[in-house]
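Below you'll find the structure, written out as C-alpha coordinates, and then a few comments.
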There are 2 protein chains.
Amino acid sequence: MTRWSIGDLAKASGLTVRTLHHYDEIGLVVASERTPSGHRRYTPDDVRRLYQVRSLRQLGLSLEEVRSALSRSDSLRPLFEAQLAALTTRARQVEALRARLTALLDGHTTESLLSTLEMMSVHESYFTGGQLSEMRSRAAALGPEAVEELKASWLGLVQQLRAHMADGTPASDPRVVDLAARWDALGARFTGGDPAIQAAARRSWEENKASISGQIGWPADDGLVEYVTQARAARG
Amino acid sequence: MTRWSIGDLAKASGLTVRTLHHYDEIGLVVASERTPSGHRRYTPDDVRRLYQVRSLRQLGLSLEEVRSALSRSDSLRPLFEAQLAALTTRARQVEALRARLTALLDGHTTESLLSTLEMMSVHESYFTGGQLSEMRSRAAALGPEAVEELKASWLGLVQQLRAHMADGTPASDPRVVDLAARWDALGARFTGGDPAIQAAARRSWEENKASISGQIGWPADDGLVEYVTQARAARG
DNA sequence: CGTAGGACCTTCCGTGGCGGGAGGTTCAAG
DNA sequence: CTTGAACCTCCCGCCACGGAAGGTCCTACG
(Lines give C-alpha, C1' and ligand atoms only; values in the text may rest on other atoms or scores of the structure.)
Protein backbone atom coordinates (compact mmCIF):
# COMPACT_ATOMS: atom_id res chain seq x y z
CA MET A 1 0.00 0.00 0.00
CA THR A 2 2.40 2.68 -1.17
CA ARG A 3 -0.30 4.96 -2.57
CA TRP A 4 -2.87 6.68 -0.42
CA SER A 5 -6.47 7.42 -1.28
CA ILE A 6 -7.72 10.88 -0.36
CA GLY A 7 -10.04 9.54 2.33
CA ASP A 8 -7.40 7.48 4.07
CA LEU A 9 -4.95 10.36 3.90
CA ALA A 10 -7.57 12.66 5.42
CA LYS A 11 -8.10 10.22 8.28
CA ALA A 12 -4.38 9.84 8.91
CA SER A 13 -3.55 13.52 8.77
CA GLY A 14 -6.59 14.81 10.58
CA LEU A 15 -7.47 17.15 7.73
CA THR A 16 -10.70 16.97 5.76
CA VAL A 17 -11.15 15.69 2.25
CA ARG A 18 -12.33 19.12 1.25
CA THR A 19 -9.09 20.64 2.50
CA LEU A 20 -7.05 18.18 0.46
CA HIS A 21 -9.15 19.06 -2.57
CA HIS A 22 -8.41 22.70 -1.89
CA TYR A 23 -4.67 22.15 -1.60
CA ASP A 24 -4.82 20.25 -4.88
CA GLU A 25 -6.81 23.01 -6.59
CA ILE A 26 -4.33 25.69 -5.69
CA GLY A 27 -1.39 23.44 -6.46
CA LEU A 28 -0.03 23.36 -2.93
CA VAL A 29 -0.21 19.61 -2.41
CA VAL A 30 -1.05 17.80 -5.62
CA ALA A 31 -1.66 14.07 -5.86
CA SER A 32 1.08 12.99 -8.26
CA GLU A 33 -0.95 10.15 -9.66
CA ARG A 34 -4.50 9.40 -10.60
CA THR A 35 -6.33 6.15 -11.24
CA PRO A 36 -7.59 5.74 -14.82
CA SER A 37 -10.98 6.94 -13.62
CA GLY A 38 -9.56 10.05 -11.99
CA HIS A 39 -9.30 9.15 -8.33
CA ARG A 40 -6.34 10.78 -6.58
CA ARG A 41 -3.42 8.61 -5.51
CA TYR A 42 -1.01 10.23 -3.08
CA THR A 43 2.59 9.02 -3.24
CA PRO A 44 4.86 8.97 -0.16
CA ASP A 45 6.44 12.18 -1.43
CA ASP A 46 3.02 13.81 -1.61
CA VAL A 47 2.35 12.70 1.93
CA ARG A 48 5.62 14.19 3.13
CA ARG A 49 4.81 17.45 1.46
CA LEU A 50 1.39 17.45 3.06
CA TYR A 51 2.94 17.08 6.49
CA GLN A 52 5.34 19.88 5.80
CA VAL A 53 2.42 22.07 4.85
CA ARG A 54 0.50 21.06 7.92
CA SER A 55 3.39 21.82 10.24
CA LEU A 56 3.96 25.24 8.72
CA ARG A 57 0.26 26.00 8.93
CA GLN A 58 0.29 25.14 12.63
CA LEU A 59 2.78 27.94 13.11
CA GLY A 60 0.17 30.31 11.77
CA LEU A 61 1.51 30.89 8.27
CA SER A 62 -0.86 31.57 5.38
CA LEU A 63 -1.05 29.13 2.50
CA GLU A 64 0.86 31.58 0.32
CA GLU A 65 3.59 31.86 2.92
CA VAL A 66 3.74 28.11 3.18
CA ARG A 67 4.09 27.85 -0.56
CA SER A 68 6.99 30.27 -0.76
CA ALA A 69 8.64 28.71 2.28
CA LEU A 70 8.58 25.31 0.61
CA SER A 71 9.84 26.63 -2.71
CA ARG A 72 12.93 28.26 -1.23
CA SER A 73 13.85 26.73 2.07
CA ASP A 74 16.46 29.41 2.74
CA SER A 75 13.62 31.83 3.25
CA LEU A 76 12.39 29.90 6.24
CA ARG A 77 14.30 31.80 8.86
CA PRO A 78 13.33 35.34 7.85
CA LEU A 79 9.77 34.17 7.34
CA PHE A 80 9.67 32.72 10.82
CA GLU A 81 11.13 35.86 12.27
CA ALA A 82 8.51 37.98 10.55
CA GLN A 83 5.84 35.62 11.80
CA LEU A 84 7.21 35.87 15.32
CA ALA A 85 7.09 39.65 15.16
CA ALA A 86 3.52 39.56 13.87
CA LEU A 87 2.51 37.18 16.61
CA THR A 88 4.09 39.40 19.23
CA THR A 89 2.10 42.36 17.98
CA ARG A 90 -1.00 40.22 17.90
CA ALA A 91 -0.42 39.02 21.45
CA ARG A 92 -0.13 42.59 22.68
CA GLN A 93 -3.32 43.64 20.93
CA VAL A 94 -5.27 40.74 22.37
CA GLU A 95 -3.88 41.44 25.82
CA ALA A 96 -4.82 45.11 25.58
CA LEU A 97 -8.34 44.19 24.53
CA ARG A 98 -8.58 41.81 27.43
CA ALA A 99 -7.46 44.52 29.82
CA ARG A 100 -10.02 46.97 28.50
CA LEU A 101 -12.82 44.44 28.74
CA THR A 102 -11.82 43.46 32.24
CA ALA A 103 -11.71 47.09 33.35
CA LEU A 104 -15.11 47.64 31.79
CA LEU A 105 -16.75 44.64 33.38
CA ASP A 106 -15.28 45.42 36.75
CA GLY A 107 -17.88 47.38 38.66
CA HIS A 108 -19.94 48.69 35.81
CA THR A 109 -23.69 48.47 35.78
CA THR A 110 -25.15 47.15 32.58
CA GLU A 111 -26.82 50.37 31.53
CA SER A 112 -23.70 52.46 31.82
CA LEU A 113 -21.55 50.11 29.75
CA LEU A 114 -22.69 51.44 26.43
CA SER A 115 -22.31 55.08 27.46
CA THR A 116 -18.79 54.53 28.65
CA LEU A 117 -17.97 52.71 25.48
CA GLU A 118 -19.25 55.54 23.37
CA MET A 119 -17.10 58.01 25.23
CA MET A 120 -14.10 55.77 24.84
CA SER A 121 -14.78 55.35 21.20
CA VAL A 122 -15.07 59.05 20.57
CA HIS A 123 -11.99 59.81 22.48
CA GLU A 124 -10.16 56.65 21.41
CA SER A 125 -7.66 55.64 24.04
CA TYR A 126 -7.76 58.83 26.01
CA PHE A 127 -9.16 57.07 29.02
CA THR A 128 -7.00 54.75 31.02
CA GLY A 129 -8.36 52.19 33.43
CA GLY A 130 -8.06 54.63 36.34
CA GLN A 131 -9.86 57.38 34.51
CA LEU A 132 -12.62 54.94 33.73
CA SER A 133 -13.57 54.53 37.37
CA GLU A 134 -13.11 58.28 37.90
CA MET A 135 -15.63 58.86 35.14
CA ARG A 136 -18.05 56.40 36.60
CA SER A 137 -18.30 58.02 39.99
CA ARG A 138 -18.60 61.47 38.45
CA ALA A 139 -21.35 60.27 36.13
CA ALA A 140 -23.23 58.92 39.11
CA ALA A 141 -23.00 62.32 40.78
CA LEU A 142 -24.32 64.18 37.76
CA GLY A 143 -27.31 61.96 37.18
CA PRO A 144 -28.21 60.02 34.04
CA GLU A 145 -29.93 62.81 32.11
CA ALA A 146 -27.05 65.21 32.47
CA VAL A 147 -24.70 62.49 31.34
CA GLU A 148 -26.81 61.81 28.29
CA GLU A 149 -26.80 65.45 27.31
CA LEU A 150 -23.10 65.83 27.99
CA LYS A 151 -22.33 62.78 25.94
CA ALA A 152 -24.26 64.00 22.94
CA SER A 153 -22.52 67.39 23.02
CA TRP A 154 -19.15 65.77 23.44
CA LEU A 155 -19.80 63.44 20.55
CA GLY A 156 -20.75 66.32 18.29
CA LEU A 157 -17.72 68.35 19.28
CA VAL A 158 -15.11 65.70 18.75
CA GLN A 159 -16.87 64.67 15.61
CA GLN A 160 -16.68 68.11 14.06
CA LEU A 161 -13.14 68.69 15.23
CA ARG A 162 -12.02 65.45 13.60
CA ALA A 163 -13.67 66.38 10.35
CA HIS A 164 -11.92 69.76 10.33
CA MET A 165 -8.62 68.13 11.17
CA ALA A 166 -9.00 65.57 8.42
CA ASP A 167 -9.81 68.39 6.01
CA GLY A 168 -6.68 70.27 6.94
CA THR A 169 -8.51 73.29 8.34
CA PRO A 170 -5.92 75.32 10.27
CA ALA A 171 -6.34 75.32 14.04
CA SER A 172 -6.54 79.10 13.95
CA ASP A 173 -9.72 79.02 11.89
CA PRO A 174 -12.46 80.76 13.88
CA ARG A 175 -14.77 77.79 13.61
CA VAL A 176 -12.14 75.53 15.09
CA VAL A 177 -11.32 78.03 17.83
CA ASP A 178 -14.98 78.16 18.74
CA LEU A 179 -15.22 74.40 18.91
CA ALA A 180 -12.12 74.29 21.10
CA ALA A 181 -13.71 76.78 23.49
CA ARG A 182 -16.79 74.61 23.75
CA TRP A 183 -14.51 71.60 24.32
CA ASP A 184 -13.01 73.35 27.31
CA ALA A 185 -16.40 74.41 28.65
CA LEU A 186 -17.64 70.86 28.40
CA GLY A 187 -14.52 69.55 30.03
CA ALA A 188 -15.04 72.02 32.85
CA ARG A 189 -18.54 70.71 33.49
CA PHE A 190 -17.32 67.17 33.39
CA THR A 191 -14.51 67.76 35.82
CA GLY A 192 -16.80 69.77 38.05
CA GLY A 193 -14.89 72.91 37.15
CA ASP A 194 -11.97 71.88 39.26
CA PRO A 195 -8.79 73.08 37.51
CA ALA A 196 -6.68 70.62 39.47
CA ILE A 197 -8.59 67.70 38.02
CA GLN A 198 -8.35 69.14 34.54
CA ALA A 199 -4.62 69.60 34.89
CA ALA A 200 -4.30 66.07 36.22
CA ALA A 201 -6.25 64.70 33.28
CA ARG A 202 -3.99 66.51 30.85
CA ARG A 203 -0.85 65.30 32.59
CA SER A 204 -2.17 61.76 32.61
CA TRP A 205 -2.78 62.02 28.88
CA GLU A 206 0.72 63.26 28.17
CA GLU A 207 2.31 60.60 30.30
CA ASN A 208 0.28 57.72 29.03
CA LYS A 209 -0.23 58.27 25.36
CA ALA A 210 3.15 56.82 24.38
CA SER A 211 2.72 53.65 26.38
CA ILE A 212 -0.88 53.32 25.28
CA SER A 213 0.15 53.53 21.66
CA GLY A 214 2.71 50.81 22.22
CA GLN A 215 0.22 48.59 23.96
CA ILE A 216 -2.64 48.69 21.58
CA GLY A 217 -0.72 48.58 18.33
CA TRP A 218 -2.24 51.64 16.70
CA PRO A 219 -1.56 55.27 17.43
CA ALA A 220 -3.53 56.29 20.50
CA ASP A 221 -3.00 59.93 19.66
CA ASP A 222 -4.52 61.00 16.39
CA GLY A 223 -3.47 64.59 17.00
CA LEU A 224 -6.84 65.79 18.19
CA VAL A 225 -5.58 66.96 21.55
CA GLU A 226 -2.70 68.87 19.95
CA TYR A 227 -5.11 70.36 17.45
CA VAL A 228 -7.28 71.65 20.25
CA THR A 229 -4.23 72.95 22.09
CA GLN A 230 -3.24 74.97 19.03
CA ALA A 231 -6.75 76.33 18.67
CA ARG A 232 -6.72 77.30 22.32
CA ALA A 233 -3.45 79.17 21.79
CA ALA A 234 -4.87 80.93 18.72
CA ARG A 235 -7.73 82.22 20.82
CA GLY A 236 -5.18 83.72 23.22
CA MET B 1 -25.17 71.50 9.83
CA THR B 2 -27.20 68.88 11.65
CA ARG B 3 -26.94 66.30 8.89
CA TRP B 4 -23.72 64.60 7.86
CA SER B 5 -22.67 63.51 4.41
CA ILE B 6 -21.08 60.10 4.15
CA GLY B 7 -17.67 61.51 3.29
CA ASP B 8 -17.55 63.90 6.22
CA LEU B 9 -18.74 61.20 8.56
CA ALA B 10 -16.04 58.89 7.29
CA LYS B 11 -13.41 61.54 7.95
CA ALA B 12 -14.72 62.25 11.41
CA SER B 13 -15.05 58.66 12.48
CA GLY B 14 -11.91 57.33 10.85
CA LEU B 15 -13.84 54.68 8.96
CA THR B 16 -13.98 54.45 5.18
CA VAL B 17 -16.89 55.34 2.94
CA ARG B 18 -16.98 51.74 1.81
CA THR B 19 -17.42 50.59 5.41
CA LEU B 20 -20.32 52.98 5.93
CA HIS B 21 -21.87 51.66 2.73
CA HIS B 22 -21.47 48.17 4.09
CA TYR B 23 -23.08 49.01 7.44
CA ASP B 24 -25.94 50.56 5.52
CA GLU B 25 -26.31 47.52 3.26
CA ILE B 26 -26.61 45.11 6.16
CA GLY B 27 -28.84 47.49 8.08
CA LEU B 28 -26.45 48.01 10.97
CA VAL B 29 -26.10 51.77 10.64
CA VAL B 30 -28.56 53.17 8.16
CA ALA B 31 -28.68 56.82 7.11
CA SER B 32 -32.15 57.83 8.23
CA GLU B 33 -32.51 60.38 5.45
CA ARG B 34 -31.64 60.77 1.81
CA THR B 35 -31.46 63.82 -0.41
CA PRO B 36 -33.94 63.80 -3.31
CA SER B 37 -31.16 62.50 -5.53
CA GLY B 38 -30.32 59.66 -3.19
CA HIS B 39 -27.30 60.94 -1.26
CA ARG B 40 -27.18 59.66 2.32
CA ARG B 41 -27.80 62.16 5.15
CA TYR B 42 -26.78 60.94 8.59
CA THR B 43 -28.75 62.38 11.53
CA PRO B 44 -27.18 62.90 14.96
CA ASP B 45 -28.88 59.70 16.08
CA ASP B 46 -27.29 57.82 13.22
CA VAL B 47 -23.93 59.24 14.21
CA ARG B 48 -24.43 58.13 17.78
CA ARG B 49 -25.32 54.66 16.64
CA LEU B 50 -22.24 54.56 14.45
CA TYR B 51 -20.03 55.39 17.41
CA GLN B 52 -21.68 52.70 19.47
CA VAL B 53 -20.97 50.23 16.73
CA ARG B 54 -17.40 51.39 16.42
CA SER B 55 -16.76 51.08 20.13
CA LEU B 56 -18.19 47.58 20.28
CA ARG B 57 -16.17 46.58 17.24
CA GLN B 58 -13.01 47.81 18.95
CA LEU B 59 -13.66 45.28 21.66
CA GLY B 60 -13.43 42.57 19.04
CA LEU B 61 -17.12 41.77 18.56
CA SER B 62 -18.43 40.63 15.20
CA LEU B 63 -20.95 42.76 13.35
CA GLU B 64 -23.67 40.25 14.24
CA GLU B 65 -22.73 40.42 17.90
CA VAL B 66 -22.77 44.19 17.73
CA ARG B 67 -26.20 44.11 16.20
CA SER B 68 -27.66 41.90 18.90
CA ALA B 69 -25.89 43.87 21.62
CA LEU B 70 -27.51 47.07 20.39
CA SER B 71 -30.94 45.53 20.05
CA ARG B 72 -31.08 44.30 23.63
CA SER B 73 -28.72 46.23 25.85
CA ASP B 74 -29.31 43.86 28.76
CA SER B 75 -27.34 41.27 26.83
CA LEU B 76 -24.22 43.39 26.97
CA ARG B 77 -22.76 41.91 30.10
CA PRO B 78 -23.00 38.22 29.17
CA LEU B 79 -21.77 39.08 25.70
CA PHE B 80 -18.76 40.84 27.12
CA GLU B 81 -18.04 37.98 29.43
CA ALA B 82 -18.16 35.52 26.56
CA GLN B 83 -15.90 37.79 24.58
CA LEU B 84 -13.48 37.98 27.47
CA ALA B 85 -13.35 34.21 27.69
CA ALA B 86 -12.76 33.93 23.95
CA LEU B 87 -10.01 36.50 24.13
CA THR B 88 -8.35 34.65 26.97
CA THR B 89 -8.32 31.45 24.93
CA ARG B 90 -7.02 33.37 21.97
CA ALA B 91 -4.27 34.96 24.02
CA ARG B 92 -3.11 31.55 25.21
CA GLN B 93 -3.06 30.16 21.69
CA VAL B 94 -1.05 33.06 20.37
CA GLU B 95 1.36 32.79 23.27
CA ALA B 96 1.84 29.07 22.69
CA LEU B 97 2.56 29.68 19.04
CA ARG B 98 5.05 32.35 19.97
CA ALA B 99 6.78 29.99 22.36
CA ARG B 100 7.06 27.28 19.73
CA LEU B 101 8.44 29.67 17.16
CA THR B 102 10.92 31.11 19.60
CA ALA B 103 12.12 27.65 20.59
CA LEU B 104 12.46 26.72 16.94
CA LEU B 105 14.41 29.81 15.95
CA ASP B 106 16.66 29.52 18.94
CA GLY B 107 19.73 27.67 17.79
CA HIS B 108 18.38 25.92 14.75
CA THR B 109 20.18 25.89 11.46
CA THR B 110 18.01 26.76 8.51
CA GLU B 111 18.10 23.36 6.88
CA SER B 112 17.03 21.49 9.96
CA LEU B 113 14.01 23.70 10.57
CA LEU B 114 11.78 21.93 8.14
CA SER B 115 12.74 18.46 9.34
CA THR B 116 12.05 19.34 12.92
CA LEU B 117 8.75 20.82 11.93
CA GLU B 118 7.72 17.70 10.11
CA MET B 119 8.46 15.61 13.15
CA MET B 120 6.52 17.98 15.34
CA SER B 121 3.64 17.95 12.95
CA VAL B 122 3.47 14.19 12.76
CA HIS B 123 3.69 13.81 16.46
CA GLU B 124 1.64 16.90 17.20
CA SER B 125 2.78 18.41 20.48
CA TYR B 126 4.77 15.46 21.67
CA PHE B 127 7.94 17.46 21.76
CA THR B 128 8.48 20.04 24.44
CA GLY B 129 11.10 22.73 24.24
CA GLY B 130 13.62 20.56 26.07
CA GLN B 131 13.02 17.60 23.83
CA LEU B 132 13.51 19.81 20.83
CA SER B 133 17.12 20.55 21.70
CA GLU B 134 17.60 16.92 22.65
CA MET B 135 16.42 15.93 19.20
CA ARG B 136 18.68 18.42 17.56
CA SER B 137 21.89 17.16 19.13
CA ARG B 138 20.92 13.57 18.43
CA ALA B 139 20.15 14.39 14.83
CA ALA B 140 23.57 15.97 14.51
CA ALA B 141 25.16 12.80 15.86
CA LEU B 142 23.31 10.53 13.44
CA GLY B 143 24.12 12.50 10.33
CA PRO B 144 21.70 14.04 7.86
CA GLU B 145 21.04 10.94 5.74
CA ALA B 146 20.13 8.78 8.68
CA VAL B 147 17.80 11.49 9.87
CA GLU B 148 16.12 11.67 6.51
CA GLU B 149 15.54 7.95 6.44
CA LEU B 150 14.35 7.88 10.01
CA LYS B 151 11.99 10.70 9.36
CA ALA B 152 10.42 9.02 6.36
CA SER B 153 9.91 5.79 8.25
CA TRP B 154 8.48 7.60 11.21
CA LEU B 155 6.12 9.51 9.03
CA GLY B 156 4.87 6.33 7.41
CA LEU B 157 4.40 4.57 10.71
CA VAL B 158 2.45 7.29 12.45
CA GLN B 159 0.49 7.80 9.30
CA GLN B 160 -0.66 4.21 9.07
CA LEU B 161 -1.33 3.96 12.78
CA ARG B 162 -3.54 6.99 12.63
CA ALA B 163 -5.49 5.59 9.72
CA HIS B 164 -6.09 2.33 11.57
CA MET B 165 -7.11 4.21 14.66
CA ALA B 166 -9.54 6.39 12.73
CA ASP B 167 -10.98 3.25 11.14
CA GLY B 168 -11.57 1.66 14.51
CA THR B 169 -9.20 -1.24 13.94
CA PRO B 170 -8.63 -2.88 17.35
CA ALA B 171 -5.15 -2.44 18.81
CA SER B 172 -4.81 -6.20 19.00
CA ASP B 173 -5.03 -6.55 15.23
CA PRO B 174 -1.79 -8.16 13.99
CA ARG B 175 -1.15 -5.34 11.53
CA VAL B 176 -1.37 -2.78 14.32
CA VAL B 177 0.80 -4.89 16.60
CA ASP B 178 3.41 -5.08 13.86
CA LEU B 179 3.35 -1.32 13.34
CA ALA B 180 3.72 -0.81 17.08
CA ALA B 181 6.77 -3.05 17.12
CA ARG B 182 8.34 -1.02 14.35
CA TRP B 183 7.46 2.15 16.30
CA ASP B 184 9.43 0.86 19.23
CA ALA B 185 12.34 -0.19 17.04
CA LEU B 186 12.46 3.22 15.46
CA GLY B 187 12.24 4.88 18.83
CA ALA B 188 15.13 2.75 19.97
CA ARG B 189 17.29 3.94 17.09
CA PHE B 190 16.30 7.48 17.76
CA THR B 191 17.09 7.36 21.42
CA GLY B 192 20.29 5.51 20.72
CA GLY B 193 18.82 2.38 22.27
CA ASP B 194 19.14 3.81 25.72
CA PRO B 195 16.12 2.55 27.73
CA ALA B 196 16.59 5.31 30.30
CA ILE B 197 16.07 7.94 27.63
CA GLN B 198 13.03 6.13 26.30
CA ALA B 199 11.52 5.90 29.74
CA ALA B 200 12.26 9.57 30.33
CA ALA B 201 10.58 10.51 27.07
CA ARG B 202 7.48 8.54 28.02
CA ARG B 203 7.35 10.07 31.46
CA SER B 204 7.75 13.53 29.98
CA TRP B 205 4.85 12.82 27.67
CA GLU B 206 2.59 11.67 30.47
CA GLU B 207 3.43 14.64 32.62
CA ASN B 208 3.14 17.27 29.96
CA LYS B 209 0.27 16.29 27.75
CA ALA B 210 -2.38 17.79 30.02
CA SER B 211 -0.69 21.15 30.34
CA ILE B 212 0.18 21.16 26.66
CA SER B 213 -3.45 20.59 25.78
CA GLY B 214 -4.46 23.48 27.95
CA GLN B 215 -1.86 25.76 26.48
CA ILE B 216 -2.44 25.22 22.82
CA GLY B 217 -6.21 25.03 22.84
CA TRP B 218 -6.62 21.72 21.03
CA PRO B 219 -6.10 18.23 22.37
CA ALA B 220 -2.40 17.42 22.35
CA ASP B 221 -3.15 13.75 22.75
CA ASP B 222 -5.19 12.21 20.00
CA GLY B 223 -4.90 8.78 21.59
CA LEU B 224 -2.11 7.53 19.36
CA VAL B 225 0.27 6.85 22.23
CA GLU B 226 -2.39 4.91 24.13
CA TYR B 227 -3.23 2.99 20.99
CA VAL B 228 0.38 1.95 20.60
CA THR B 229 0.58 1.05 24.28
CA GLN B 230 -2.41 -1.27 23.87
CA ALA B 231 -0.88 -2.87 20.82
CA ARG B 232 2.38 -3.38 22.72
CA ALA B 233 0.44 -5.11 25.49
CA ALA B 234 -1.34 -7.35 22.97
CA ARG B 235 2.03 -8.52 21.67
CA GLY B 236 3.33 -9.10 25.20
C1' DC C 1 -20.83 -12.58 -10.54
C1' DG C 2 -24.02 -9.11 -9.44
C1' DT C 3 -25.26 -5.42 -6.67
C1' DA C 4 -25.62 -2.20 -2.92
C1' DG C 5 -23.74 1.38 -0.59
C1' DG C 6 -19.90 3.76 0.49
C1' DA C 7 -16.04 6.54 -1.56
C1' DC C 8 -14.82 9.50 -4.94
C1' DC C 9 -15.30 12.98 -8.72
C1' DT C 10 -16.28 18.06 -10.40
C1' DT C 11 -18.80 22.27 -9.89
C1' DC C 12 -20.81 25.78 -7.50
C1' DC C 13 -22.51 28.78 -3.74
C1' DG C 14 -21.55 30.60 0.95
C1' DT C 15 -18.87 32.57 4.85
C1' DG C 16 -16.97 37.89 7.19
C1' DG C 17 -15.84 42.40 6.56
C1' DC C 18 -14.99 44.92 3.81
C1' DG C 19 -11.38 46.79 -0.70
C1' DG C 20 -11.56 48.54 -4.93
C1' DG C 21 -13.10 49.43 -9.60
C1' DA C 22 -16.57 50.58 -13.36
C1' DG C 23 -19.78 53.53 -15.08
C1' DG C 24 -22.95 56.92 -14.23
C1' DT C 25 -25.18 61.11 -11.57
C1' DT C 26 -25.02 65.10 -8.47
C1' DC C 27 -23.11 68.76 -5.77
C1' DA C 28 -20.50 73.03 -4.77
C1' DA C 29 -16.90 76.35 -5.64
C1' DG C 30 -15.21 79.61 -8.82
C1' DC D 1 -22.17 77.71 -16.16
C1' DT D 2 -18.63 74.74 -15.82
C1' DT D 3 -15.64 71.53 -13.90
C1' DG D 4 -13.84 68.46 -10.76
C1' DA D 5 -14.81 66.31 -6.48
C1' DA D 6 -18.13 63.68 -4.20
C1' DC D 7 -21.70 60.58 -4.45
C1' DC D 8 -24.55 56.67 -6.24
C1' DT D 9 -25.29 51.38 -7.41
C1' DC D 10 -23.55 47.05 -8.95
C1' DC D 11 -20.16 43.86 -9.04
C1' DC D 12 -15.93 40.94 -8.44
C1' DG D 13 -12.22 39.74 -5.21
C1' DC D 14 -9.99 38.18 -0.92
C1' DC D 15 -8.85 33.72 2.46
C1' DA D 16 -9.32 28.94 3.58
C1' DC D 17 -12.07 26.20 3.22
C1' DG D 18 -17.59 24.02 4.42
C1' DG D 19 -21.12 21.83 2.41
C1' DA D 20 -24.40 20.36 -1.02
C1' DA D 21 -25.74 18.68 -5.69
C1' DG D 22 -25.50 15.36 -9.08
C1' DG D 23 -23.01 12.01 -11.08
C1' DT D 24 -19.30 8.01 -11.43
C1' DC D 25 -16.52 4.43 -9.37
C1' DC D 26 -14.79 0.88 -6.23
C1' DT D 27 -15.27 -2.97 -3.15
C1' DA D 28 -17.09 -6.16 0.06
C1' DC D 29 -20.71 -9.27 0.68
C1' DG D 30 -24.10 -12.58 -0.66
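Letters A, B, ... mirror the listed sequences (proteins, then strands); counts begin at 1.
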So, does [X] use its side chain to make a donor-acceptor pair with the main chain of [Y] at under 3.5 Å?
{"X": "A/R41", "Y": "A/T35", "answer": "no"}
{"X": "B/D46", "Y": "B/T43", "answer": "yes"}
{"X": "B/E65", "Y": "B/S62", "answer": "yes"}

With a 4.5 Å heavy-atom cut-off, do [X] and [Y] have their side chains touching?
{"X": "B/I26", "Y": "B/R67", "answer": "yes"}
{"X": "B/L15", "Y": "B/Y23", "answer": "yes"}
{"X": "B/L97", "Y": "A/Q83", "answer": "no"}

By salt bridge (Lys or Arg N to Asp or Glu O under 4.0 Å) - contacts of A/D173 (at least two apart): A/R175
Let me know the distance between [atom1] of [X] and [atom2] of [N], rounded to the nearest Å.
{"X": "B/D8", "N": "C/dA28", "atom1": "CG", "atom2": "C1'", "result": "12 Å"}
{"X": "B/R41", "N": "C/dT26", "atom1": "CZ", "atom2": "C1'", "result": "11 Å"}
{"X": "A/K11", "N": "C/dA7", "atom1": "NZ", "atom2": "C1'", "result": "9 Å"}

Pick base, sugar-phosphate or nothing for A/I26, based on heavy-atom distances below 4.0 Å to the nucleic acid. nothing
Could I get a table of every N or O pair under 3.5 Å where one atom is in the protein and the other is in nucleotides 10-17 of chain C?
{"unit_1": "C/dT10", "atom_1": "OP1", "unit_2": "A/R34", "atom_2": "NH1", "d": "3.2"}
{"unit_1": "C/dT10", "atom_1": "OP2", "unit_2": "A/R40", "atom_2": "NH2", "d": "2.3"}

Under a criterion of less than 4.0 angstrom to any heavy atom of chain A, what are the 5'-terminal and 3'-terminal contacting nucleotides of DNA chain D? D/dA16 to D/dC26
C/dC9 OP1/OP2 closer than 4.0 Å to side-chain N/O of A/S37: no
The single option from A/R40, A/R3, A/H39 that satisfies side chain to side chain donor-acceptor pair (under 3.5 Å) with A/E33 is A/R3
